[in-house]
Amino acid sequence: MDWEVVIGLEIHAQLATRSKIFSGAATTYGAEANTQACAVDLGLPGVLPVLNEEVVRMAIMFGLAINAEIPPRSVFARKNYFYPDLPKGYQISQYELPIVSHGQIDITLEDGTTKTIGVTRAHLEEDAGKSVHEGFGNLTGIDLNRAGTPLIEIVSEPDLRSAKEAGAYMKKIHAIVTYLGICDGNMQEGSFRCDANVSIRPQGDSELGTRTELKNLNSFRFVEAAIRHEIERQTDELESGGKVVQETRLYDPVKDETRSMRSKEEANDYRYFPDPDLLPIEISPDFINEIKTSLPELPDARQKRIMKEYKLSEYDSSVITSSRDMADFYESTAKAACSVASLDVKSSKLTANWIMGEFSAALNRNSLDIKDSPVNDEMLGELIKRIDDNTISNKIAKEVFDAMWNGEGTADEIIEKKGLKQVTDSGAIEKLVDGVIADSTPQVEQYRNSPVEKQGKLIGYFVGQVMKKSRGKANPKQVNELLRKKLAKD
Amino acid sequence: MLKQSDIKKIAWLARLEIAEEDTPGFSRDLSNILNLVEQMDHVDTSSVTPMAHPLELSARLRPDKVTETNQREQLQSHAPAVERGHYLVPKVIE
């Protein structure tokens, strides 16, 4: 049977505020346990939550970025459950009247087409603390630093039809929140995490199948892998005459499988009710308009602008704008790389190739983020400028790049120090070419006796020899031209 | 009338321990409360916005500033068990 896959994602993005959603405690990551958990976060008797203005502003920014409705009134509710890292016995969240509803975003599918995915709602809530199960003997240690950290939970419509689409949607939301600067997007630190609701149904059916919820998928790769496995598992289950049980499943990246967490199932009765400690949020059209005028450039708009302004291809511009950090780095590098006042097409393209190629590869090899790169925008720009003005070849540039990466100085310093300057003096090149021709009588003979269409291939040998003699410094284009000229005559 | 099993579930959700012999009493009392509130169902409220808060005010917002300093020592002096800065609780996973 043909099955249709139905996926909805719930994404939790931590809002990048200084203080917590309802208290004045700090939100800095990695602080010593419980040093950033005040009386409000601990839920001590008599405390009252007071809403952080910045949290409201950030949620509205997100709503505007996804063309959503931002109702004039929004309400906080208590979601009741017991867990040791939730000191109050309830989480302050939103239920009936979320701050953002009915938005949509466009994702680009593999075949290049665009699909619109609905965002049902985005609501504000507080994060819970952290349980540490190891290192405390037969007890559990609780760190409440994270308790009360502001989150926006973004709930999609069940519009996604494959693991790939889910991955593309998640990447798009990630790009939007980081472009807006409302979330640092750091998945290792848990600032951006995702749960997936997955079900399958016979192709053509309108009724949804029973779904399972996959928890805590904290990388783009895991989301796709976990969903792919879950689809396979559900298909096997149904095709062998079994049933899908509605449950929560955990993805294990080491074993590459999902497994049931039945123990959490029994008490899914949160008994939401409006939080009497918090008054409704009222949002005026003026406030929304003020935020609208200060919105930064969003991923789609930036991709289109960069494509046009720097004359990049659709593909290159979308890779470059996949994160705000990369787009920022690209634009400042391209400007630094350009020797004239206006941008030139050649160095813009060269910059894109270097950032997507050598530079990204070096970051990956060393597991570094762009902002921690030892080669900054100005350094890379200078290197590209030297390729562009023929001081060095692209090949030598790789050597210079590695030296810059290892902290040996700027491009100009390294080129000077190592004597890597490209030889463009035609007299010097001619001497090298003559030497190679004189030393390669049999090859010259072969070249001259070959038909023209074969000569193109044979010339490679001579170019290689000349480049070797120049230790890579001769301008390859000049070498090629000169060789063709010299080999053509007797 | 609420069933005994409803009472047990409500008690469990609230983590209240109630004695077996008390459940019929709770069932009667809670059912009476629900019946009282049920009278509201006879009133036409179709034109009334559901009330989220008895005060007709909206939320006062605070600026995003860190105002709380580290008071861990003082706060943890109330806790029954603490180790290396963590509050200790019975193990929550098997």
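In the text below, chain A, chain B and the rest are named by the order of the sequence lines, each starting its count at 1. Computed from a prediction, not measured in an experiment: that's the story for all the values here.
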Once you round to the nearest 0.5 Å, how far does [atom1] of [X] lie from [atom2] of [Y]?
{"X": "A/L144", "Y": "B/Y87", "atom1": "CG", "atom2": "OH", "result": "6.5 Å"}
{"X": "B/T67", "Y": "A/K20", "atom1": "OG1", "atom2": "NZ", "result": "11.5 Å"}
{"X": "B/K65", "Y": "A/S19", "atom1": "NZ", "atom2": "OG", "result": "10.0 Å"}
{"X": "A/L42", "Y": "B/H78", "atom1": "CG", "atom2": "NE2", "result": "9.0 Å"}
{"X": "B/H86", "Y": "A/D143", "atom1": "NE2", "atom2": "CG", "result": "5.0 Å"}
{"X": "A/Y81", "Y": "B/L13", "atom1": "OH", "atom2": "CG", "result": "14.5 Å"}

Name the option with the most non-hydrogen atom pairs under 4.5 Å to chain B; the candidates are [options].
{"options": "A/G135, A/P274, A/A33", "result": "A/A33"}
{"options": "A/I281, A/T17, A/V132", "result": "A/T17"}
{"options": "A/A39, A/P84, A/G137, A/A37", "result": "A/P84"}

Select one option (side chain, backbone, both, neither) describing which atoms of [X] are under 4.5 Å from chain B's heavy atoms.
{"X": "A/R57", "answer": "neither"}
{"X": "A/A31", "answer": "neither"}
{"X": "A/F273", "answer": "neither"}
{"X": "A/V56", "answer": "side chain"}
{"X": "A/L97", "answer": "neither"}
{"X": "A/Q36", "answer": "neither"}
{"X": "A/V75", "answer": "side chain"}
{"X": "A/N138", "answer": "backbone"}
{"X": "A/I21", "answer": "backbone"}
{"X": "A/T27", "answer": "neither"}
{"X": "A/V40", "answer": "neither"}
{"X": "A/L278", "answer": "backbone"}

For [X], is the [atom1] atom crowded, meaning more than 12 foreign heavy atoms sit under 6.0 Å from it?
{"X": "B/Q4", "atom1": "CD", "value": "yes"}
{"X": "B/E83", "atom1": "CD", "value": "yes"}
{"X": "A/Y95", "atom1": "OH", "value": "no"}
{"X": "A/R271", "atom1": "CZ", "value": "yes"}
{"X": "A/K79", "atom1": "NZ", "value": "yes"}

Shortest non-hydrogen pair, A/P280 vs B/A52, comes out as CG-CB, 4.2 Å
Which heavy atom of B/H53 sits nearest a heavy atom of A/P276, and at what distance? NE2-O, 2.8 Å
Before you tell me yes or no, could you show the steps for B/K91 and A/L139 under side chain to side chain contact (heavy atoms under 4.5 Å, CB included), namely the whole-Å CA-CA distance, both residues' side-chain angles and the distance that decides it to 0.1 Å? CA-CA 5 Å; B/K91 202 146 198 145; A/L139 296 170; 6.0 Å; no
side-chain contact (heavy atoms from CB on, under 4.5 Å) partners of B/D29, counting only residues at least two apart: none
State, yes or no, whether a side-chain contact exists between A/D269 and B/K9 at a heavy-atom distance under 4.5 Å. yes
Given the options B/Q76, B/R62, B/R60, which has more heavy-atom pairs under 4.5 Å with chain A than any of the others? B/R62
I'd like to know which of B/D64, B/L55, B/L61, B/L75 tops the heavy-atom pair count under 4.5 Å against chain A. B/D64
A/E32 with B/R72: basic N within carboxylate O range, under 4.0 Å: yes
Aromatic A/F136 / basic B/R84 pairing, under 6.0 angstrom, 45° off normal: yes
